[in-house]
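First comes the structure, then the notes that go with it.
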Amino acid sequence: MTPGQAVRTVLRYASLSLLLAFFALPLLWLAFAPFDRAPQIAVSLPEFTLDNFRDLLDNENALRSLRNSLLLAAGTGAVVVTLSALAAYALSRVRLPGRDALLYALLLLSSIVTGTAAMVPLFNLAYELDLIDSQLGVILVLSGGLLPSAIFILKDFTDATPRSYEESARVFGASPLQIMRHIVVPVIRPGLATIGVWAVAQVWGNFLIPFLLLRSPDKSPAAVVMYTFYTEGGQPDLALISTFSLLYSLPVVLMFLLVSSRYGFRFHGGIKR
Amino acid sequence: MATDAAGLGRRRAAVFVAPALLLVAGFLVLPALWTIYLGATDYQLTGLAAADPQFTGLDNARRALDEDEFTHSLGLTLQFVVGSAVLGQALLGFTIAWLLRDRTGPLRRLVEALVLLAWILPSSVVAFLWIALLDRDGGTLNTLLGSGNTAWLVEHPMASIIVFNIWRGTAFSMMLYAAALGTVPPSQLETARLAGASAWQQLRDVVLPLIRGHVLTNLLLISLWTFNDFTPFLLTGGGPGDATETLPVFIYNTALFGGELGYGAALSVLMLLINLVIALVYTRLLRAREKAAS
Amino acid sequence: MAAIHLSGLTKDYPGGVRALDGIDLTVADGEFFALLGPSGCGKTTLLRTVAGLEEATGGAVRIGGDDVTRTPPGRRDVAMVFQDYALFPHMTVADNIAYPLRIRKVPAARRRDKAAETARELGLGDHLARRPGQLSGGQQQRVALARAMACHPSAFLFDEPLSNLDARLRLEARTFLKRLQRDLRVTTVFVTHDQAEALALADRIAVLEAGRVRQTGTPTEIFRRPANTFVASFIGSTPMNLLPGTVERGGGHVTVGGVPLPAGPARAALTGGEEVVYGIRPEYLTFSGTPGPGGGALPGTVTVVENMGSTQLVTLEGPAGTVQVVVPEDTPAEPGGAGYAVPRSDRVLLYREGQLVG
C-alpha cells in the first residue's frame with residue numbers, strides 16, 4: 001500500500017464513521033430511553049425496565065390515538081387500493097379518449113397540489129361539507145392526494161403484465177368480471193400490496209391533514225397526539241413520549257422491511273413524500 | 001395493436017375510472033381552483049368577513065409584496081430549500097452512495113439502515129428526537145460538545161432546521177444516486193482507470209456526465225418536497241418569533257391560526273405557482289428522457 | 001369438429017392501417033392449416049380475428065357453418081394457444097388446465113379428473129401441483145396445449161406455437177404437435193413466420209403478404225410451384241435463384257446472362273423476345289468445375305463456400321449475377337475457382353411480371 005492509498009483509506013473510514021455518528025445520534029434516544037427506569041432528555045445507557053411500556057398500555061389516550069391512526073390508515077388504504085386499481089386497469093387496457101392528457105394532468109396535479117399548498121381551501125372545503133372533526137373527511141382528503149401517484153404506479157404495473165393472460169381467459173369464455181377476479185387481481189397482487197403498504201405508511205406518518213381537520217382529541221391519530229405530548233404545557237413525560245414513539249414507529253419500520261424483503265425496493269419516483 | 005384485452009368496453013372502463021377521478025377532482029382540483037378564488041377575497045375565519053366575504057381582487061397580493069413578513073418568509077424558504085435540499089441532501093446523498101458504491105456487507109447495510117430509518121419514521125417522532133438532541137438543559141448535543149446551555153433551536157434556529165432536514169431527507173438522494181451509479185457501465189470506468197485517471201477524474205469525466213439526468217431529477221424532486229415541507233413547524237412552530245417561518249408555516253400561522261383565510265389563500269396561490277413551475281420542468285424532463293429512450 | 005370459412009375478411013386499424021385486405025380462405029374439417037408470412041403480414045391479426053379478439057371491419061367468419069363474425073370470443077367454441085402460452089402464473093398446472101371447464105361451470109371433481117386425464121395424455125401427470133414458473137419451456141407449451149384440449153373445442157388456434165422454444169426442443173415439439181393433431185383430428189390453424197415449420201407441420205399453407213393471401217396449397221405445391229416471386233423467395237431454406245432473362249425465338253430456351261438455358265415445363269406458354277424471371281432452386285442446380293459437353297451451364301467464379309453439414313452452399317458470381325448452388329459434401333469447390341451451374345430442366349420456373357407462367 002502506498003502512503004497515498006493509506007491516507008485515502010483512512011479518510012474514507014473516517015468519513016463513514018462521521019456519517020454513522022450523524023445519522024445514529026438522534027436515533028439513540030429512541031433506542032434507549034423507552035427501557036430506562038428514569039429516562040432523561042439526554043441519551044444514557046438505561047437502567048433496564050419494561051415498566052414504561054406497562055404504563056403506556058394503561059394510557060387510554062395513547063392507545064386510542066393508535067387505534068385512530070389504524071382506522072385512518074386502513075380506511076385510506078382501502079379507498080386508495082380499490083379506486084386506483086379500478087382506474088389503473090381501465091386506463092391501461094382501454095383507450096379512453098384523452099387518456100394520455102389525463103395521465104399527464106394527474107402526474108402534474110399530484111406534485112403541485114400538496115397538502116401544504118392547499119391547506120387553506122382544504123380546510124374551507126371540509127368546513128363547507130361539514131367534514132371538520134370527521135375521520136371520514138381526513139380519509140377522503142388523504143385519498144384524493146394519494147390517488148394520482150397510486151394510479152400511476154399501478155398503471156405501470158398493469159402495463160407490464162402481458163395482455164395474453166386476459167385474452168386467453170376471454171377465448172375460453174370468461175366474462176370481463178370473471179377475468180378481473182380470476183386473473184387480473186391475482187396477477188397484479190404484488191402491485192396492490194405495494195400500493196396498500198405505501199398508502200398506509202403515508203397516512204400513518206401524516207401530521208398536517210388530521211392536525212388541520214380534526215378538533216376533538218379523542219379522534220386524533222398518533223401523529224397529532226404525539227405532538228401534543230411534548231407541546232402542551234408542563235414538564236413532558238419522557239417515559240410516555242419515548243415508549244409511545246417506539247410503539248408508534250414500529251409499524252412503519254415493519255412495513256418497510258416487509259416490502260423491501262418481499263418485492264425488493266422498487267424505485268418509484270416520489271413514492272414517499 | 002389490440003388494447004381492450006379483457007373486453008371491458010368503454011362504458012365499463014369509464015365506470016372504473018370515475019370514482020377515482022371524482023375523489024381527485026373533489027379533493028385536489030377543486031381546492032386548487034378554490035384557492036385562487038379565496039385569494040381574491042378578504043375571507044376571515046371569524047368576524048364580519050367570515051359571514052360576508054368581499055371580493056378584493058389583487059389586494060392580498062399587493063399586501064404580500066408590501067409587507068416584510070412575506071418577503072422575510074420567502075427568504076427563509078429559499079435558505080431552507082437551498083441549504084437543506086440542494087446542497088445538503090443532494091451532496092450528502094451522493095457522497096454516501098459514492099463511498100458505498102462497490103461495498104457490500106454489514107457496514108453498507110448499517111449505514112443504509114440508519115439513513116433510511118431517519119427517512120421513514122413518523123415526522124412527529126423525529127421532531128421530538130431532535131428537540132431532545134438539541135435541548136438546552138441536558139440535551140445530548142450539549143453534553144457531547146460540552147457547549148454548556150446552548151439553546152440551539154433558539155440561538156441558531158435556521159441552521160438547526162436545515163441540519164435536521166438534511167438528516168431527515170438524505171435517504172432519497174442516497175438511493176437515487178446509488179441506483180444511478182449502478183447504471184454506469186464498469187467497462188467505462190475501467191477504460192478511464194487504464195488511461196490513468198484518478199478517482200476524482202473518473203468521477204468528473206465518466207460518472208457525472210452519465211448521471212446528469214438523475215442529478216436533475218433528484219434536485220427538482222427534493223426541492224419540491226422541501227419547499228412543501230411542514231415538519232419545521234413540529235420543531236419550532238415558526239419561532240422564535242418568525243425566525244423559522246418558512247412559507248408553509250407562515251401560511252398556517254396566518255390563515256388557520258390567525259384566521260386570515262383570504263390572505264393565506266393568496267399566499268397558497270403563490271406556492272401552487274412555484275410548485276407548478278418545478279413540476280412542469282420535471283415532467284418535461286421525464287418526457288424528453290422517454291423520447292430519448294424510445 | 002368444424003370447417004372454417006373466411007370470406008372477404010377485412011380489418012382496418014384506426015389511422016388507416018389495413019391489416020387484412022379481403023381474405024378468402026377455407027380450412028377443411030380436421031385440417032392442419034398454416035398461416036405463413038413475414039412479420040407484419042397480418043397473419044396474427046387474421047388468427048385473432050378468427051378467435052374473436054379482433055373485430056373484423058368487413059367480411060365474414062364462419063365456423064362449422066355458423067356465422068360468428070360478431071360473436072364474442074368466448075362463444076366461438078375455439079381454443080387458442082398464445083405465443084407466450086399465457087399460463088396463469090398464480091394457478092397450478094391442474095388449475096390452469098381446468099380453467100376453461102371452470103368457466104363452463106363444470107363441477108370441481110369432474111374438472112379435477114379431466115385435468116389429470118389430459119395432463120397424463122401429454123406426459124404432464126407428475127407436474128399437476130406445480131406452478132407454470134417451475135416448468136421448462138417444453139412443459140409449459142404442453143400445459144398450454146392441455147388447457148386448449150380440455151374443453152374439446154371445435155377448432156384450435158396456435159400463435160407461433162414453437163417460437164418460444166430453443167432450437168433442439170423445437171424439433172422435438174414439432175413432431176409431438178404433428179402427432180397430436182393427427183390423433184385428435186381437430187381443425188387446427190396455426191401462425192408461423194418459419195417456412196420450414198409450415199412445410200413440416202401443415203396439411204395446407206396460406207402464404208400472406210401485406211394483408212393478402214399470395215398462395216394457398218399443400219406444402220409440396222407451395223415448394224414446387226410458388227405462384228409468384230414473393231412466395232418463391234420466401235419458401236425454401238435457401239432462397240430460390242431468380243435471374244432476369246429473355247425468351248428466345250421458338251420458346252425452347254431462355255437467355256440468362258448470355259447463356260441459353262432450357263425453358264422447362266412452361267415453354268408452350270412463352271413468346272419469343274419477352275422478358276421473364278428465371279427461377280431455379282439451389283437444390284436443383286448441378287455444380288461442376290468444367291463447362292461440360294452439353295452447354296446450358298451458368299458460368300461464374302466461386303466466391304463463398306458454406307458448409308451445411310451433409311451439403312455445401314456454393315455462391316457463384318457470373319454474368320447472370322449471383323447464383324447459389326447446393327452441392328454434395330464431397331464436391332471440390334474452392335473460392336476463386338471457376339464453377340458452372342446446370343439447371344435441372346423439369347424444375348425450372350418462369351415468372352412473367354412476378355406471376356408464375358404455365
Side-chain angles (χ1 to χ4, degrees), chain A residues 12 16 19-20 23-24 26-27 29-30 40-43 83-84 86-87 90-91 93-96 107-109 111-114 116-123 125 140-141 143-145 147-148 151 163 166-167 170 176 179 205 207-208 223 226-227 230 241 245 248-249 252 256 267 270 273, chain B residues 3-8 10 12-13 16-17 19-20 23-24 26-28 31-32 34-35 38 96 99 111 114-115 117-118 120-125 128-130 132-133 135 138-140 143 167 175 179 221 224-225 228 230 234 248 251-252 255-256 261 264-265 268 271-272 275-276 279 283:
Chain A
R12 195 167 164 157
L16 276 174
L19 277 172
L20 273 179
F23 280 96
L27 296 170
W29 190 82
L30 187 60
Q40 299 299 309
I41 197 89
V43 176
L83 298 194
S84 66
L86 288 173
L91 288 172
R93 293 299 198 244
V94 183
R95 187 159 276 284
L96 292 167
L107 180 70
L108 265 181
L109 264 176
S111 37
I112 298 166
V113 189
T114 57
T116 2
M119 67 173 120
V120 178
L122 280 176
F123 177 80
L125 184 67
L140 291 179
V141 168
S143 301
L147 270 171
I151 293 174
R163 292 165 202 281
E166 296 135 76
E167 288 175 345
R170 209 169 143 214
I179 296 176
F207 169 78
L208 181 63
M226 171 73 200
Y227 178 70
Y230 60 83
I241 290 178
S245 295
Y248 169 42
S249 303
V252 269
F256 189 81
F267 212 90
R273 273 184 288 189
Chain B
T3 43
D4 191 0
L8 212 54
R10 282 197 176 174
R12 217 176 285 150
F16 275 28
V17 179
L23 215 54
V24 171
F27 293 96
L28 219 56
W34 200 343
T35 328
L38 277 181
I96 300 174
L99 286 175
V111 175
L114 287 174
V115 177
L117 208 55
I120 61 172
L121 289 179
S123 51
S124 47
V125 170
F128 183 77
L129 293 182
W130 275 74
L133 179 76
D135 192 72
T140 307
T143 317
W167 179 85
M175 287 189 298
L221 285 178
L224 188 74
W225 296 335
N228 286 279
F230 194 68
L234 294 171
I251 293 176
Y252 177 81
L256 294 150
L261 290 177
S268 304
M271 262 193 94
L272 288 174
N275 284 350
L276 178 69
T283 43

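Reminder, nothing fancy here: chain letters follow the sequence lines and each chain counts from 1.
The two atoms that bring B:S268 and A:A117 nearest to each other are CB-O, 3.1 Å, heavy atoms only. Scanning both residues, A:L83 and B:P19, for their nearest heavy atoms gives CD2-CB, 3.6 Å. Among all heavy-atom pairs drawn from A:P121 and B:L38, the shortest one is CA-CD1, 4.4 Å. Across A:R95 and B:R10, no two heavy atoms sit closer than the pair O-NH2, 3.2 Å. Nearest heavy-atom pair, A:I151 versus B:A20, reported as atom, atom and distance to 0.1 Å: CD1-CB, 4.0 Å.
For the ring pair (Phe, Tyr, Trp, His ring centres under 6.0 Å) test, residues two or more places apart in sequence or in another chain that qualify with B:Y252 are A:F211, B:F230, B:F233. For the ring pair (Phe, Tyr, Trp, His ring centres under 6.0 Å) test, residues two or more places apart in sequence or in another chain that qualify with B:W130 are B:F164, B:W167.
Considering CG of B:L234 and CZ of A:F207, their distance stands at 4.5 Å, rounded to 0.5 Å. Atom-to-atom distance recorded for B:L272:CG and A:T114:OG1 is 7.0 Å, nearest 0.5 angstrom. A distance of 10.5 Å separates CG in A:L208 from CG in B:N228, rounded to the nearest 0.5 Å. Atoms CG and CZ, on B:L8 and A:R93 in that order, are 10.5 Å from each other to the nearest 0.5 Å. In this structure, CG in B:L23 is found 5.5 Å from CG in A:L147, a value given to the nearest 0.5 Å. Taking CD1 from A:I41 and OG1 from B:T140, the interatomic distance works out to 8.0 Å, rounded to the nearest 0.5 Å.
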Candidate pair A:V94 and B:V17, rule side-chain contact (heavy atoms from CB on, under 4.5 Å), full reasoning: CA-CA 11 Å; A:V94 183; B:V17 179; over 6 Å; no
As a quick check of understanding, evaluate side-chain contact (heavy atoms from CB on, under 4.5 Å) for B:I96 and A:F23, giving each step before the final call. CA-CA 12 Å; B:I96 300 174; A:F23 280 96; 4.1 Å; yes
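Only the side chain of B:A255 comes within contact range of chain A, judged by heavy atoms closer than 4.5 Å. The parts of B:S123 that come within reach of chain A are both its backbone and its side chain, each placing non-hydrogen atoms under 4.5 angstrom from that chain. For A:L19, the part lying under 4.5 angstrom from a heavy atom of chain B is the side chain only.
In terms of heavy-atom pairs under 4.5 angstrom with chain A, the leader among B:L28, B:L114, B:L117, B:L261 is B:L28. With chain B as the partner, the residue from A:S245, A:A24, A:P176, A:G205 showing the most heavy-atom pairs under 4.5 Å is A:P176. Contact count versus chain B (heavy atoms, under 4.5 Å) is highest, among A:L91, A:L107, A:V141, for A:V141. In terms of heavy-atom pairs under 4.5 Å with chain B, the best-connected choice from A:Q40, A:R170, A:R12, A:E166 is A:R170. Here A:Y230 is the residue among A:Y248, A:Y230, A:W29 with the most heavy-atom pairs under 4.5 Å with chain B. The most heavy-atom pairs under 4.5 Å with chain B, out of A:L122, A:T116, A:I179, come from A:T116. Highest contact tally toward chain B, considering only A:L109, A:L125, A:L16, is held by A:L125 [criterion: heavy-atom pairs under 4.5 Å].
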